[in-house]
Amino acid sequence: MRLSTLFSVFLSATAALAVPTNSTVTPRVCGTTISPAQIAIAEQHFSAFGTAPVGTFAAVIPVYWHVIASGTALSQGYVPDSQITSSISAMNTHYAGSGISFTLAGTDRTINSSWFTTAGPSNSQQTAMKNQLRQGGANALNVYTVGFQSGAGAGLLGYATFPSSYSGAPKDDGVVILYSSVPGGTTSNYNQGKTLTHEVGHWAGLYHTFQGGCASPGDYVDDTPPESTATSGCPASKDTCSGGGVDPIHNYMDYSTDPCMTEFTTGQFARMKSQMNTYRGTSV
């Protein structure tokens, strides 16, 4: 089977974050469905066909925000315009220096208790939701806010698709997050909008900082220190791999709490630019 065929077969995976619902500070638990074999296929394709932007990179990403709710109350997922605006503003702050910026292109609201409650990675509810609502092309970021209350998505904070998955499943492309993880939301420790920033990192081509543990090539970014385990909370320090520096607990692609997440690295910015240029056609 040719590499391009294998590539389209394997890359229907999503990345996910989960947080159990209780009153204590709980970790983001990995729920990714992308396997080492799928990563190997993706990286082989990227190595063979990936292109870096030439000159100054400046990509303005149109964001289509889809509010999914079970009713018209905020507690039912009816996210107001003010929290959407704050989310876009937070992302632009978090991605400052990357050459990537975000602008709200449209907002719609759908009352569908089934989608709100049970949409999750690869299930029929999220597929129906995306097939009906997704807008734009490969460069358009579609954000769906849901409740993650039962089924495949129970307890999740969010999940996303990777740039390399777009050509094989364009309707599936996008980011799904917990409605109360937006700035000012009600999910304690995860309500500064950084779940969206983390998931958009996947959408732009990044893996978790702890991808592959201490073994090379890890997350395929040279300037993120190797990390054997995801971070829980915001420890004073953490060093789980010998050599390479302390764990990147403040990186947006770790699993720290929102107040702990403060940075991307130069290498992560470079990878995002190349992934976006290759698979999303965003170079100008």
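What's counted below: heavy atoms across the whole structure, side chains too, no hydrogens, waters or symmetry copies. Source: prediction; values computed, not measured.
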Requested in this report: Please answer whether the main-chain N or O of Thr85 pairs with a side-chain N or O of Ser89 as donor and acceptor at a distance below 3.5 Å.
Outcome: no
Query raised in the report: Which value, rounded to the nearest 0.5 Å, describes the distance between His66 atom NE2 and Thr145 atom OG1?
Result: 9.5 Å
Query - Common cluster, Tyr64/Leu133, ILVMFWY with side-chain heavy-atom separation under 4.5 Å - result: no
**Report entry** Asp222 bridged to Arg271 by N-O distance under 4.0 Å
**Finding:** no
Query raised in the report: Does the Asp258 side chain pair with the main chain of Gln192, one donor and one acceptor, at a distance under 3.5 Å?
Result: yes
Query - Val67 vs Ile84 side-chain heavy atoms within contact, under 4.5 Å - result: yes
Requested in this report: Report the C-alpha distance between Val63 and Thr103 in whole Å, list the side-chain angles of each, state the deciding distance to 0.1 Å, and finish with yes or no for side-chain contact (heavy atoms from CB on, under 4.5 Å).
Outcome: CA-CA 6 Å; Val63 179; Thr103 184; over 6 Å; no
Query raised in the report: Does the gap between the ring centers of Phe210 and Tyr255 come in under 6.0 Å?
Result: yes
Query raised in the report: Do the side chains of Met253 and Met261 get nearer than 4.5 Å, heavy atoms only?
Result: no
Report task. Evaluate side chain to side chain donor-acceptor pair (under 3.5 Å) for Gln268 paired with Asn251, printing each intermediate quantity in order. Result -> CA-CA 10 Å; Gln268 285 176 316; Asn251 196 280; 2.8 Å; yes
Report summary line: Taking every heavy atom of Thr110 against every heavy atom of Trp115, the minimum-distance pair comes out as CG2-CZ3, 3.9 Å
Query raised in the report: Can you check whether Met129's main-chain N or O pairs, donor with acceptor, with Arg134's side chain at less than 3.5 Å?
Result: no
Report task. Answer yes or no: is there a side-chain heavy-atom contact under 4.5 Å between Val146 and Gln126? Result -> no
Query - Thr282 versus Phe57, closest heavy-atom pair with distance - result: OG1-CZ, 3.7 Å
**Report entry** Expected output: side-chain His250 to main-chain Thr262 donor-acceptor under 3.5 Å
**Finding:** no
Query raised in the report: Would you say the side-chain atoms of Ser98 pair up with the backbone N or O of Ile100, donor to acceptor, closer than 3.5 Å?
Result: yes
Query raised in the report: Given side chains that start at C-beta, do those of Asn139 and Pro62 come closer than 4.5 Å, heavy atoms only?
Result: yes
Query - Residue pair Thr266, Asp223: steps toward the side-chain contact (heavy atoms from CB on, under 4.5 Å) verdict - result: CA-CA 7 Å; Thr266 300; Asp223 64 356; 3.8 Å; yes
Query raised in the report: Atom CD in Glu43, atom OG in Ser164: separation rounded to 0.5 Å?
Result: 8.0 Å
Query raised in the report: Do Pro235 and Ile249 come within less than 4.5 Å of each other through their side chains, counting heavy atoms only?
Result: yes
Requested in this report: Drop me the distance from Leu74's CG to Gln83's CD, to the nearest 0.5 angstrom.
Outcome: 5.5 Å
Query raised in the report: What's the shortest heavy-atom distance between Phe49 and Thr278, and which atoms?
Result: O-CG2, 4.0 Å
Query raised in the report: Quick one: CD1 on Ile88 to OG on Ser101, what's the gap to the nearest 0.5 Å?
Result: 10.5 Å
Query raised in the report: Which atoms form the tightest heavy-atom contact between Pro226 and Gly243, and what is the distance?
Result: CG-O, 3.9 Å
Report summary line: Distance col, row Leu157:CG vs Lys194:NZ, nearest 0.5 angstrom, shows 14.0 Å
Query raised in the report: Is it true that a side-chain atom of Thr118 and a backbone atom of Ser114 form a donor plus acceptor pair closer than 3.5 Å?
Result: yes
Query - Nearest-0.5 Å distance, OH of residue Tyr144 to CD1 of residue Ile177 - result: 12.5 Å
**Report entry** Test item: Leu206 and Asp219 side chains (from C-beta on) under 4.5 Å apart, heavy atoms
**Finding:** no
Query raised in the report: Do side-chain atoms of Thr240 reach the backbone of Ser228 as a donor and acceptor pair under 3.5 angstrom?
Result: yes
Requested in this report: Check step by step if side chain to side chain donor-acceptor pair (under 3.5 Å) holds for Thr187 and Ser180.
Outcome: CA-CA 6 Å; Thr187 300; Ser180 53; 2.6 Å; yes
Query - Beyond-backbone contact of Asn191 with Thr186, side-chain heavy atoms, under 4.5 angstrom - result: no
Query raised in the report: Any salt bridge between Asp247 and Lys238, counting N to O under 4.0 Å?
Result: yes
Query raised in the report: Will you find, in the side chains of Tyr279 and His45, an N or O donor that is under 3.5 Å from an N or O acceptor?
Result: yes
Requested in this report: Verify whether one side chain among Thr51 and Asn277 offers a donor that lies under 3.5 Å from an acceptor in the other.
Outcome: yes
Query raised in the report: Are Val176 and Phe148 close enough, and set up right, to give a side-chain contact (heavy atoms from CB on, under 4.5 Å), and what steps lead you there?
Result: CA-CA 10 Å; Val176 185; Phe148 291 136; 3.6 Å; yes
Query raised in the report: Phe162 vs His202 aromatic rings, parallel, tilted or perpendicular, using cut-offs 30° and 60°?
Result: perpendicular
Query raised in the report: Can you say whether the rings of Tyr95 and Phe264 are parallel (under 30°), tilted (30 to 60°) or perpendicular (over 60°)?
Result: tilted
Query raised in the report: Judged by atom type as modelled, is there a donor-acceptor pair below 3.5 Å linking the side chain of His94 to the main-chain atoms of Thr197?
Result: no
Query - Nearest heavy atoms of Cys241 and Gly213, plus distance in Å - result: SG-C, 4.4 Å
**Report entry** Pair Phe116-Tyr179, ring-ring contact (aromatic ring centres under 6.0 Å, His included): steps then yes or no
**Finding:** CA-CA 9 Å; Phe116 175 76; Tyr179 78 95; 5.6 Å; yes
Query raised in the report: Got a donor-acceptor contact below 3.5 angstrom from the Thr127 side chain to the Asn123 backbone?
Result: yes
Query raised in the report: So, Gln44 side chain and Ile41 main chain: donor-acceptor pair closer than 3.5 Å or not?
Result: no
**Report entry** Step-by-step side chain to side chain donor-acceptor pair (under 3.5 Å) determination, Asp173 to Thr161
**Finding:** CA-CA 6 Å; Asp173 185 70; Thr161 58; 3.2 Å; yes
Requested in this report: In sequence, state the C-alpha distance, the side-chain angles, and the governing distance for Val175 and Leu141, and then conclude on side-chain contact (heavy atoms from CB on, under 4.5 Å).
Outcome: CA-CA 8 Å; Val175 167; Leu141 172 61; 3.9 Å; yes
Query raised in the report: Residues in salt bridge (charged side-chain N to carboxylate O under 4.0 Å, His left out) with Asp81, at least two apart?
Result: Arg109
Query raised in the report: Under the 4.5 Å side-chain heavy-atom rule for ILVMFWY, direct or indirect, which residues accompany Ile111?
Result: Tyr78
Query raised in the report: If you look at every heavy atom in Ala152 and Pro121, which pair is closest and at what distance?
Result: O-CD, 4.0 Å
Query raised in the report: Is there a side-chain contact between Asp254 and Glu227, using heavy atoms and a 4.5 Å cut-off?
Result: yes
